[in-house]
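Below is one structure, written out as structure tokens; the observations come after it.
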Amino acid sequence: PVMGIAVGMAEDVRTGIVDRLRVLPISRIAVLAGRALSELAQVVIGLAVFSACGLVVGWQPHGTVLETVGAYGLLILWAFAGVWIGTFLGMVVRSAETAQTVGFTILFPMMFLSAIFVPIGGLPAPLRQIAEYNPLSCVAGALRELFHNPSPHVSDAWPMTHPVAA
């Protein structure tokens, strides 16, 4: 959601839609909150469809109901944070192309320097330390733990041994 909302917000600022909405007799936060809530609703619908498709093909959460609800809550909370980061980025750069470039420049390396795609145990020491404290690694570890999808123990760093708390 970060890149999409950043590009959309930058385009809305550039075309003047935000300025037109600001002159209406509405709360100043209504424009941003409305966009954020609509993006979050889109994420929740996508998550429901994705989960339903997973259930159809045989995926199932192995944790308790409370852990599963916690995992979905974490996903929604993470998406909510991403929506606001994207909104901020879109308001600051004011160009859709710049928002996309900045988003890729920051998010692309963050994804690959995390424990999402590969075990971080095989990374060289400096990259492993970055990956251990990468927020994406913590979220991936927390979701794996809450859904009872085990991942190998690769690090003694606090965020990797306590991903849900992190």
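Residue numbers count from 1 along this sequence. Computed from heavy atoms alone, side chains included, the values below leave out hydrogens, waters and symmetry copies.
Taken together through direct or relayed side-chain contacts under 4.5 Å among Ile, Leu, Val, Met, Phe, Trp and Tyr, Trp59 and Val56 form parts of separate hydrophobic clusters. Val83 and Phe50 fall into different hydrophobic clusters, where Ile, Leu, Val, Met, Phe, Trp and Tyr residues are linked whenever their side-chain heavy atoms come under 4.5 Å apart, directly or through other members. The same ILVMFWY cluster, assembled from side-chain heavy atoms under 4.5 Å apart, contains both Leu136 and Phe147. Using a 4.5 Å cut-off between side-chain heavy atoms of Ile, Leu, Val, Met, Phe, Trp and Tyr, with links allowed through other members, Ile29 and Val18 fall into the same hydrophobic cluster. Grouping the Ile, Leu, Val, Met, Phe, Trp and Tyr side chains by contacts below 4.5 angstrom, directly or via other members, places Val93 with Met9.
For the atom pair CG (Leu32) and CE (Met91), the distance works out to 5.5 Å, reported to the nearest 0.5 Å. One distance of note links CD of Glu97 with CZ of Arg14; it measures 7.5 Å at 0.5 Å rounding. Separating the CD1 atom in Ile5 from the CD1 atom in Ile85 is a distance of 11.0 Å, to the nearest 0.5 Å. Separation of atoms CG (Leu21) and CD1 (Ile26) is listed at 5.5 Å; rounding is to 0.5 Å. Summarising the geometry, atom CD1 belonging to Ile76 is positioned 6.0 Å from atom CG belonging to Leu47; distances are rounded to the nearest 0.5 Å.
Partners of Ala166 by side-chain contact (heavy atoms from CB on, under 4.5 Å), not counting sequence neighbours, listed by chain and number: Cys138, Trp158, Pro159. Every residue was checked against the ring pair (Phe, Tyr, Trp, His ring centres under 6.0 Å) condition with Phe88, not counting sequence neighbours, and none meets it. Qualifying side chain to side chain donor-acceptor pair (under 3.5 Å) partners for Asp156, counting only residues two or more places apart in sequence or in other chains: His153.
In terms of heavy atoms, Pro61 sits closest to Leu55 at CD-CD2, 4.4 Å. Nearest heavy atom pair, residue Leu89 against residue Ala99, reads CD2-O, 3.9 Å.
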When the side chains of residues 103-123 are checked against the rest of the protein, which donor-acceptor pairs come out under 3.5 Å, sequence neighbours left out?
residue, atom, partner, partner atom, Å
Thr105, OG1, Thr101, O, 2.6
Ser114, OG, Met111, O, 2.6
Ser114, OG, Ile116, N, 3.3

Under 3.5 Å, side-chain donor or acceptor atoms of residues 65-72 against the rest of the protein: list the pairs with distances, not counting sequence neighbours.
residue, atom, partner, partner atom, Å
Glu67, OE1, Thr64, N, 2.9
Glu67, OE1, Thr64, OG1, 3.4
Glu67, OE1, His148, NE2, 2.7
Glu67, OE2, His148, NE2, 3.3
Thr68, OG1, Thr64, O, 3.0
Tyr72, OH, Ser51, OG, 2.6

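A 4.5 Å side-chain heavy-atom check between Ile17 and Glu11 finds every atom pair outside the cut-off. By the 4.5 Å heavy-atom criterion applied to side chains, Thr87 and Glu39 are not counted as neighbours.
In this structure, Gln42 places its CD atom where only 12 or fewer heavy-atom neighbours from other residues, nucleotides or ligands lie under 6.0 Å away.
Within the structure, side chain to side chain donor-acceptor pair (under 3.5 Å) pairs that include any residue of residues 132-147 comprise Glu132-Ser155 (at least two apart or interchain).
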